[in-house]
Amino acid sequence: MDMKTLYLLVPLAPLLGSVVAGLFGRIIGRTGAHVVTILGVLVSFIASVVVFRDVEAGNTFNGAVYTWLQSGGLDIQIGFLIDRLTVMMMLVVTFVSLMVHVYTIGYMAEDPGYQRFFSYISLFTFSMLMLVMSNNFLQLFFGWEAVGLVSYLLIGFWFTRPTAIYANLKAFMVNRVGDFGFLLGIGLIAAYAGSLDYATVFARKEELATLIFQGTNWSLITVICICLFIGAMGKSAQVPLHVWLPDSMEGPTPISALIHAATMVTAGIFMVTRMSPLFELSDTALSFVLVIGATTALFMGLLGLIQNDIKRVVAYSTLSQLGYMTVALGVSAYSAAVFHLMTHAFFKALLFLGAGSVIIGMHHDQDMRNMGGLAKYMPITWITSLVGSLALIGFPFFAGFYSKDSIIEAVQASHITGAGYAYFCVIAGVFVTAFYSFRMYFMVFHGEERFGRDQHGHHGDHAEEEATADHHHGLAPGQKPHETPWVVWLPLVLLAIPSVGIGFLTIAPMLHGDWFGPAVFINHELHPAMEELSHEFHGPMAMALHGFVSLPFFLAMAGVALSWFFYLKKPEIPAAIARTFHPLYVLFDNKYYFDKFNEVFFAAGSRLLGRGLWKAGDQVLIDGLVVNGSARAVGWMGAASRMLQSGHLYQYAFSMIIGVFFLLTLWFNRA
Amino acid sequence: MSSHLLSLAIWVPILGALLVFVAGSERRATARWLALAVALAGLLVTIPLFTGFDRTQAGMQFVELSPWVGAFRINYFLGVDGISMLFILLNSFITVLVVLAGWQVIEEKQAQYMGAFLIMSGLMNGIFSALDGILFYVFFEASLIPMYLIIGIWGGPNRVYAALKFFLYTLLGSLLMLVAFIYLYLQSHTFNLLEWHQLRLDFIPQLLIFIAFLLSFAVKVPMWPVHTWLPDAHVEAPTGGSVVLAAIALKLGAYGFVRFSLPIVPDAAHYAAPMMIGLSLIAIIYIGFVAIVQADMKKLVAYSSVSHMGFVTLGFFIFNTLGVEGALVQMISHGFVSGAMFLCIGVMYDRVHSRQIADYGGVVNTMPKFAALFLFFAMANSGLPATSGFVGEFMVIMGAVRFNFWTGFAAAITLILGAAYTLWMYKRVVFGAVANDHVAEMSDINAREFLVLGLLAVAVLAMGLYPFPFTDVMHASVDNLLRHVATSKLL
């Protein structure tokens, strides 16, 4: 089999599985559906490994599959770009997807939509692979929207729940706002570079850099990059387009792991990395990226502090980590961003699937206030979740340590506008991350066993959860949680391994060895941060040992200790703090009022505007005045002329006399 | 034989309709099978137009010319180029679907119903292939009659108001077109469209002709602010009527712009372009907001049609290849997608007899197959990539950004609005728990309905994944048109 066929096989195998499971789900049954889709993803994963080895042997590829459209000088082709950045993404996507497929057998075992679910997640895998393997902007946008569609379908998977179908519409709409910017960015590229092919566009970047945005004195490239980044803000949930991600937790947990943690939400990070030759030309755009990312990293992390729904804690942590990746992009540490993307994919998928395992053990109760002491009952989930949490807070030697510490150091070394603010955010974020991660860990796995009590007492105080109470089953009094079946815990174990070791193994080549080669471009003269980092890097062992005496480590440990003190030692303290700092608590509880603002300003505002235009414009002005008005005018004229024909002789005679007088007057005055 | 293809495309459906009237007035089954056979025959005769089309040639192909009214040099003159050919195929394809869609639903006067659509189809093919001004005008006006009858006889409770509004609105416009044609005849002593393309005219006559054409075509498109007949017509029309109205009849106005306004009076067209672009953007944005708040599904899709047609007029008046070809692609795609949207609403209406969004909810629980297809078309209506709905919007936005960034910016707002009105409706109608007893009793689509929607879904997907062949046939003619429009015709 030649390599080109193999490239095609990577995305098409999951697509085939998806189509079979989706269209013939009823015929092939549950087992048939998961066998065919898992087989598809497995083939895709193995093919990715083969492609990886081929790329390592030095064979990259950039070529077309077919011509999609030719018009107006644009020649748009569907095609693949296979380089190290692509192949790394392919491995991450197919591996995590495979784990999630296996896990789903256990998680969705009792769901009536079993086959549909497998069809969706395989379709997602196809779309995501098309996105990362693209060699042009159009196919990127195709994949971009296709993953958005599948995300829409999966968030609304349980379509009878009002919260789920609210959340999926919201997710789609917010992403569309991002896509709006993205498409305009693509439009500018098409207009000024005359092509949508990556290589052609990047080859013309020097030309683009000299151009000015029409009608202003802004640099064109800055406008392009900011437009593209708005797309990334939607997909990668950066402030203020982050609002959809917490709500997306309405979807089943396996997709929270696959789509809303490991892969789809990182598409924005991947995209900006791909576009690094363009972003490197605009410091303004990079500063914009940096500030947005830093804000997301810290302020979304803060919201994680007060969540009680186990999935929402992980969701806010994902937002915050995406912020870290974006910060890395802002300081031109693209390889660090992608490196963190990879480690995060493993440990965050692990944390989500672990949370899902807890949810199964708790009989679909997601409220951490009903948990506690689960370590005893669910040992595998407990250990793997601990591994995930340690990786997340950046404990030395764990995968997250290498990637996160590199980002922090890169920010410290950077001199771009906004780097100071960003450094504060990421360093404060370390403490916050450690605190909420271990708050969750302690509340779930240690301390007093709070499950098996009367549920309703706990739900009453949280209106949002009350609405979804129908799926909060929970444990009956006296019932104990239990470890989940092997299809659920095996993926946890398989994800825990890279969560520990992948950073140690790969940091040297990926971050400091120019492994990505030409896939990532950095202008080292203007943005020397990564170069400085590489000078100070003396191997993964030295870095980890140094990590034990660094500021981030102390902050993380402080966070862990404080959460231990608050949630295990003195559980009454958090409530007291919430009372003392009531306004702050209310602000956090309302998520900085983003949702309220959007609901009132955008959602209700557009409805008001629409109704106003419809009633005042269409009905009153156009139809009322002009259309029916002219009909009425014709009617009046008819009525008026009808009055002339009254049938009374004297009226006719009278008007004849007036007419004669009128004509005579004209006649005499004609000269 | 091959030179009579266009005549066949026109007269096979029309003569077939007469056969349906005669043979099928007593027996419904005969009427519909016969109608289906005629529609399929009509589709078959148009296929050689595509396969035998010479895409390297910009001029008219499959030309037929014979004198008609010698005294005024009026000819029976037919021909198609890369711009018009696809619409004949689209029209013949949609006619087959409309016949299938009316299979069991229409209970009264089925032969007449089917016949009206077949006649309509033949007349539409006449409009798209006529190269003589008077011949065009005759087809153009004659097509009003079947549509007027379809709405007026098989329509909803307020059908008479709607039919009359439709008729008067469009008739008033086209009378001015006739005046313009007569003026052009007096200048050129011919009704030959191709000679009109070469006619030199002063600026003021150009402007007056442009205005006359504008009033006629803008109503048909429909452009803001002469669009208000469309929602009324759609709401009252039977499903098949809405499909033909949206899929084909709306294309006539836009076709008029490319066939008449742009090449005959290019200087006036350039002069009026800022206004046309402005009106198009108003249609896209203003109507997008209006569509969001509609409570009646047919009205919502009707408004969304106005918004989508705004893309077509925008594409024409930015005068670049991407824009014009994008507009043509958008016209074809809109034929598939809006047709499918109206068919989907028809499927639900047949079961519940309501078009109100509020009367539905949770349809997916009882009609899962339908829900999947409906979602596909809803996504196409919101312009999702890999559906045909994306291609035209994408090309026009690309063209608009090239023309002026802020024009593209305004047009791209449709990405947000289109998704908002379509998916919000979809959410309220399809998702959720079963809302009421009517929804609980809905049965999923039958094989015939599945066939109709499935064929459209294949068309939408194929055009989304591989638009190349569609635009490939246009290139030569569109380039020729743009070259033509770029040269001044002032005396």
Side-chain angles (χ1 to χ4, degrees), chain A residues 22 66-74 78 138 141-146 148-149 152-153 156 159-162 164-166 168-169 172-173 176-177 179-181 183-184 186-188 190-192 213-215 223 603 606-614 617-619 621-623 626-627 631, chain B residues 165 168-169 225-229 231 286 288-294 320-323 325-326 362 364-365 375 379 382 384-386 390-391 394-395 397-402 404-406 408-409 412-413 415-417 419-420 423-424 427 430-434 465-468 471-472 474-475:
Chain A
Y66 71 90
T67 301
W68 185 73
L69 179 78
Q70 272 176 333
S71 176
L74 273 188
I78 300 296
L138 179 96
F141 192 71
F142 261 60
W144 197 262
E145 292 269 288
L149 166 72
Y152 169 84
L153 292 171
F159 47 70
T160 50
R161 285 186 199 164
I165 57 176
Y166 173 81
N168 76 342
L169 185 62
F172 199 89
M173 291 311 304
R176 267 293 163 112
V177 175
D179 297 344
F180 166 74
L183 194 62
L184 287 174
I186 293 175
L188 284 173
Y192 289 96
F213 183 66
Q214 59 189 113
V223 179
S606 339
R607 287 199 296 272
L608 195 70
L609 181 62
R611 200 158 283 127
L613 291 172
W614 183 37
D618 270 32
Q619 291 190 340
L621 225 66
I622 298 174
D623 260 5
V626 183
V627 178
Chain B
K165 193 172 178 182
L168 290 179
Y169 231 127
V226 286
H227 63 278
T228 59
W229 63 272
Y286 169 115
F289 277 109
V290 171
I292 291 177
V293 297
Q294 297 306 313
N320 59 35
T321 314
L322 269 172
E325 292 192 349
V364 63
N365 297 290
L375 179 69
M379 284 294 170
S382 348
L384 192 84
F390 171 73
V391 186
F394 171 77
M395 291 170 75
I397 291 173
M398 292 296 116
V401 170
R402 187 174 286 189
N404 175 304
F405 177 78
W406 298 108
F409 181 91
I413 292 176
L415 236 63
I416 301 166
L417 294 176
L423 295 183
W424 192 38
K427 168 186 179 252
V430 177
F431 284 145
V434 173
L465 289 177
Y466 193 41
F468 181 81
T471 52
D472 195 40
M474 297 174 187
H475 290 323

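Scope of the values below: all heavy atoms of this structure, side chains included, with no hydrogens, waters or symmetry mates. Residue numbers begin at 1 in each chain, while the letters A, B, ... track the order of the sequences. Remember, it's a predicted structure, so these values are computed and weren't measured experimentally.
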Problem set entry | 4.5 Å side-chain heavy-atom contact, B/Phe431 and A/Leu169 | no
Exercise. How close do A/Ser71 and B/Met395 get, heavy atom to heavy atom, and via which atoms?
Worked result: OG-CE, 3.5 Å
For this session: Kindly write out the residues that satisfy salt bridge (Lys or Arg N to Asp or Glu O under 4.0 Å) with B/Arg402, not counting sequence neighbours, or none if the list is empty.
Result: none
Seminar exercise, completed: Residue from B/Ala412, B/Ala419, B/Pro467, B/Pro231 scoring the most non-hydrogen pairs under 4.5 Å with chain A is B/Pro467
For this session: Evaluate side-chain contact (heavy atoms from CB on, under 4.5 Å) for A/Phe142 paired with B/Phe390, printing each intermediate quantity in order.
Result: CA-CA 10 Å; A/Phe142 261 60; B/Phe390 171 73; 3.7 Å; yes
For this session: Kindly determine whether B/Gln294 and A/Trp614 satisfy side-chain contact (heavy atoms from CB on, under 4.5 Å), including the steps that lead there.
Result: CA-CA 9 Å; B/Gln294 297 306 313; A/Trp614 183 37; 3.3 Å; yes
For this session: Output yes when a side-chain donor or acceptor of B/His475 lies under 3.5 Å from a complementary backbone atom of A/Gln70, and no otherwise.
Result: yes
Seminar exercise, completed: Answer key: most heavy-atom pairs under 4.5 Å with chain A among B/Leu375, B/Ile397, B/Asp472, B/Val364 is B/Val364
Exercise. So which of B/Ala420, B/Gly326, B/Gly408 has the largest heavy-atom pair count under 4.5 angstrom toward chain A?
Worked result: B/Ala420
For this session: Check the pair A/Tyr152, B/Leu384 against side-chain contact (heavy atoms from CB on, under 4.5 Å), reporting the backbone distance first and the verdict last.
Result: CA-CA 12 Å; A/Tyr152 169 84; B/Leu384 192 84; over 6 Å; no
Exercise. With a 4.5 Å limit on heavy-atom distance, are the side chains of B/Lys427 and A/Asn168 in contact?
Worked result: no
Problem set entry | B/Tyr466 and A/Thr67: CA distance, side-chain angles, deciding distance, side-chain contact (heavy atoms from CB on, under 4.5 Å) verdict | CA-CA 8 Å; B/Tyr466 193 41; A/Thr67 301; 5.6 Å; no
For this session: Using non-hydrogen atoms and a 4.5 Å limit, figure out which bit of A/Ala146 sits close to chain B: side chain, backbone, both or neither.
Result: neither
Exercise. Among B/Gly362, B/Gly432, B/Gly288, B/Ala433, which has the most heavy-atom pairs under 4.5 Å with chain A?
Worked result: B/Gly432
Problem set entry | Interface residue of largest heavy-atom contact number with chain A, from B/Ile413, B/Leu465, B/Asn320, under 4.5 Å | B/Leu465
Problem set entry | Reported CE-to-CG distance for the pair B/Met398 and A/Leu74, which is rounded to 0.5 angstrom | 8.0 Å
For this session: Give, as side chain, backbone, both or neither, the part of A/Leu613 having an atom under 4.5 angstrom from any heavy atom of chain B.
Result: both
For this session: Please state whether the side chain, the backbone, both or neither of A/Phe141 comes within less than 4.5 Å of a heavy atom of chain B.
Result: both
Problem set entry | Test of ring centre spacing under 6.0 Å for A/Phe180 and B/Phe409 | yes
Exercise. Relative to chain A, which segment of B/Trp424 carries a heavy atom at a distance below 4.5 Å: side chain, backbone, both, or neither?
Worked result: both
Exercise. Between B/Met474 and chain A, which part of the residue has a heavy atom less than 4.5 Å away: side chain, backbone, both or neither?
Worked result: neither
Exercise. Measuring heavy-atom distances to chain A, does B/Leu417 have an atom under 4.5 Å in its side chain, in its backbone, in both, or in neither?
Worked result: neither
For this session: Please list, chain by chain and in numerical order, all residues satisfying side chain to side chain contact (heavy atoms under 4.5 Å, CB included) with A/Arg611, sequence neighbours excluded.
Result: A/Lys615, B/Val293
For this session: Please look at B/Ile292 and chain A and tell me whether the side chain, the backbone, both or neither of the residue comes under 4.5 angstrom of a heavy atom of that chain.
Result: side chain
Exercise. What option among B/Val226, B/Val434, B/Leu415, B/Asn404 has the most heavy-atom pairs under 4.5 Å with chain A?
Worked result: B/Leu415
Problem set entry | chain B contact via A/Leu183 - side chain, backbone, both or neither, heavy atoms under 4.5 Å | both
Problem set entry | Interface moiety of B/Leu423 toward chain A, non-hydrogen atoms closer than 4.5 Å | both
Seminar exercise, completed: So, the part of A/Ile186 with a heavy atom under 4.5 Å from chain B: the answer is both
Exercise. So do the side chains of B/Val430 and A/Phe159 get within less than 4.5 Å of each other, counting heavy atoms only?
Worked result: no
Exercise. B/Phe394 vs A/Trp68 aromatic rings, parallel, tilted or perpendicular, using cut-offs 30° and 60°?
Worked result: perpendicular
Seminar exercise, completed: Okay, A/Ile78 and chain B: the region with an atom under 4.5 Å from a heavy atom over there is neither
